[in-house]
Peer 1: 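Just dropping this structure here.
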Amino acid sequence: MADDVLLLGGDLPVRRLGLGTGGLVGPGYWGPRGSRAEALALLLTAVERGVTLIDTADNYGPDLAEELIAEALHPYGERLVIATKGGVVRTGPDRWHAAGRPEQLRAMCEASLRRLRVESIGLYQLHRFDPEVAEAEQLGALAQLRAEGKIRHIGLDTVTAGQLRRALEVVPVAAVQNPYNLVDRSSAEVLALCEARGIAFLPYYPLGSGALTRESAAAVTAVASEHRAGPGQIALAWLLHRSPCCAPRRGRAPSPTWRRTWTRRRSA
């Protein structure tokens, strides 16, 4: 298998440079951003340029990002994997609340199935552990959905190494999303555990919320100049080089020359 591909859950191949969809919706993950036509075009362009993993969440909009994905890309074809999340309710821009009771998780998953127009979700991620509900109870709800065929693989979002270890005692975990980039390596222990257990690590904020693409990021800018690349390309190449289980996602479609990011990862 090519080294720009990883297997989610051991059986679902995806290219390691994917697309995140938080940028399809408005500030604070609330309402639309720009025109609907522009959002649909971005999704189509990403797939045309080789993206096979699109990551979203039911609360982006809310609902809007999933609806856009379905409108642009359904039917998805065998190579495209749509990953989504549940377990969070938004009540306004940047206002969210954990909602991890089993009945809530089931309702969220089934609503995502309808919006995405699928019978099974390739990767369904618990967006946050609800501190008011036992972890095993939340994981058990996902395990039941998986047993029913509504979820193919289970993922976790924003977890500690301890939470991941406990989760692995209850369910197989195919992927973890945590913040990780050149300037924020606070999830290094989680990444190491993912490497050891064959779990995909999907770093969010791969560009440091844009900080790594600015001229103020002098070290990154210098390396980018040396390689005749953009700072964002170098930041992504570093993640791809950092671990074979890393699969960063960009917030926009890759350029026609996006494979240069992969090539540069070998010399970064």
Side-chain angles (χ1 to χ4, degrees), residues 1-21 43 46-47 49-58 66 69-70 73-87 105-106 108-110 112-113 115-127 138-157 159 161 163-178 180 190-204 239-240 242-250 259 262 265:
M1 180 175 295
D3 59 358
D4 66 342
V5 174
L6 61 74
L7 291 177
L8 285 174
D11 65 1
L12 199 56
V14 294
R15 282 194 170 138
R16 289 174 57 198
L17 196 57
L19 179 73
T21 58
L43 289 161
V47 173
R49 293 180 179 170
V51 166
T52 60
L53 174 63
I54 296 180
D55 180 64
T56 191
D58 62 358
E66 291 184 337
I69 289 168
L73 301 174
H74 186 273
Y76 304 111
E78 294 182 0
R79 297 178 65 249
L80 184 60
V81 175
I82 309 299
T84 192
K85 312 177 194 75
L105 295 175
R106 173 173 289 276
M108 290 177 183
C109 177
E110 291 177 347
S112 289
L113 287 166
R115 281 189 295 270
L116 293 169
R117 308 178 198 172
V118 294
E119 295 182 357
S120 182
I121 294 168
L123 176 64
Y124 191 78
Q125 303 153 100
L126 182 62
H127 210 160
Q138 297 172 72
L139 295 166
L142 298 185
Q144 181 59 39
L145 290 164
R146 184 171 182 261
E148 295 171 11
K150 295 178 178 180
I151 296 172
R152 181 165 177 176
H153 292 300
I154 295 170
L156 301 176
D157 191 310
V159 293
Q163 287 175 320
L164 178 54
R165 289 189 184 95
R166 291 193 296 274
L168 288 167
E169 296 176 356
V170 181
V171 296
V173 176
V176 169
Q177 290 202 34
N178 268 30
Y180 194 78
V190 175
L191 172 56
L193 181 55
C194 288
E195 286 181 329
R197 300 296 294 267
I199 298 168
F201 184 81
L202 313 182
Y204 64 80
L239 285 168
L240 292 166
R242 174 63 184 81
S243 169
C245 75
C246 265
R249 286 132 304 123
R250 302 189 62 179
R259 285 189 179 277
W262 182 256
R265 90 42 150 175

Peer 1: Can you name the residues that form a ring-ring contact (aromatic ring centres under 6.0 Å, His included) with Tyr180, not counting sequence neighbours?
Peer 2: Phe201, Trp238
Peer 1: List the atom of Arg15, the atom of Gly50, and the distance in Å for their closest heavy-atom pair.
Peer 2: NH1-O, 3.0 Å
Peer 1: Could you go through Val118 and Ile82, starting from their C-alpha distance and side-chain angles, then the distance that decides it, and tell me whether this counts as side chain to side chain contact (heavy atoms under 4.5 Å, CB included)?
Peer 2: CA-CA 10 Å; Val118 294; Ile82 309 299; over 6 Å; no
Peer 1: Looking at every heavy atom in both Cys245 and Leu191, which two are closest together, and how far apart are they?
Peer 2: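 Heavy atoms only, the tightest pair is SG-CD1, 3.7 Å.
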Peer 1: Checking side chain to side chain contact (heavy atoms under 4.5 Å, CB included) for the pair Leu123/Leu12: CA distance, chi angles, key distance, verdict?
Peer 2: CA-CA 9 Å; Leu123 176 64; Leu12 199 56; 5.7 Å; no
Peer 1: Checking Glu195 now: which residues fulfil side chain to side chain donor-acceptor pair (under 3.5 Å) with it, not counting sequence neighbours?
Peer 2: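 Glu195 satisfies side chain to side chain donor-acceptor pair (under 3.5 Å) with Ser243 once adjacent residues are dropped.
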Peer 1: Would you please name every residue forming a salt bridge (charged side-chain N to carboxylate O under 4.0 Å, His left out) with Arg117, sequence neighbours left out?
Peer 2: none
Peer 1: Do Leu168 and Ile199 have side chains that approach each other closer than 4.5 Å (heavy atoms only, starting at C-beta)?
Peer 2: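 In contact.
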Peer 1: Identify the two heavy atoms, one from Ile154 and one from Pro172, that lie closest to each other, and give their separation to 0.1 Å.
Peer 2: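 Closest heavy-atom pair between Ile154 and Pro172: CB-O, 3.9 Å.
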Peer 1: Among residues at least two apart in sequence or on other chains, which ones pass ring-ring contact (aromatic ring centres under 6.0 Å, His included) with Tyr204?
Peer 2: none
Peer 1: Closest heavy-atom contact between Leu240 and Arg16?
Peer 2: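 That closest heavy-atom pairing would be O-NH2, 2.7 Å.
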Peer 1: What heavy-atom pair brings Cys109 and Ile121 nearest, and what distance separates the two atoms?
Peer 2: O-CD1, 4.2 Å
Peer 1: I'd like to know whether Arg146 forms a side chain to side chain contact (heavy atoms under 4.5 Å, CB included) with Val171, so could you lay out the CA-CA distance, the side-chain angles of the two residues, the decisive distance to 0.1 Å, and finally the verdict.
Peer 2: CA-CA 10 Å; Arg146 184 171 182 261; Val171 296; over 6 Å; no
Peer 1: Find the distance between CG (Leu19) and OG1 (Thr52) and round it off to the nearest 0.5 Å.
Peer 2: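 Atom-to-atom, Leu19:CG and Thr52:OG1 are 11.0 Å apart.
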Peer 1: Would you please test Val47 and Ile54 for side chain to side chain contact (heavy atoms under 4.5 Å, CB included) and show each step?
Peer 2: CA-CA 9 Å; Val47 173; Ile54 296 180; 4.1 Å; yes
Peer 1: Rounded to the nearest 0.5 Å, how far apart are CG of Leu126 and CG of Leu105?
Peer 2: 6.0 Å
Peer 1: Could you measure the distance from the CG atom of Leu73 to the CG atom of Leu80? Nearest 0.5 Å is fine.
Peer 2: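 One finds 6.0 Å between CG of Leu73 and CG of Leu80.
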Peer 1: Taking only residues two or more places apart in sequence, or in another chain, which ones meet Arg152 in a salt bridge (charged side-chain N to carboxylate O under 4.0 Å, His left out)?
Peer 2: Asp11
Peer 1: Quick one: pull up CG in Leu239 and SG in Cys246 and give me the separation to the nearest 0.5 Å.
Peer 2: 5.5 Å
Peer 1: List for me each residue that meets salt bridge (charged side-chain N to carboxylate O under 4.0 Å, His left out) alongside Asp55, sequence neighbours excluded, and say none if there are none.
Peer 2: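 Result, salt bridge (charged side-chain N to carboxylate O under 4.0 Å, His left out) vs Asp55: Lys85, Arg249.
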Peer 1: Starting at CG of Leu113, measure out to NZ of Lys150 and round the result to the nearest 0.5 Å.
Peer 2: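 If I round to the nearest 0.5 Å, the distance is 7.0 Å.
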Peer 1: What are the two closest heavy atoms between Ala83 and Leu53, and how far apart are they?
Peer 2: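 Looking at all heavy atoms of both residues, the closest pair is CB-CD1, 4.1 Å.
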Peer 1: Would you compute the distance between atom CD of Glu110 and atom CD of Glu148 and round it to the nearest 0.5 angstrom?
Peer 2: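 Result: 7.5 Å between the selected atoms.
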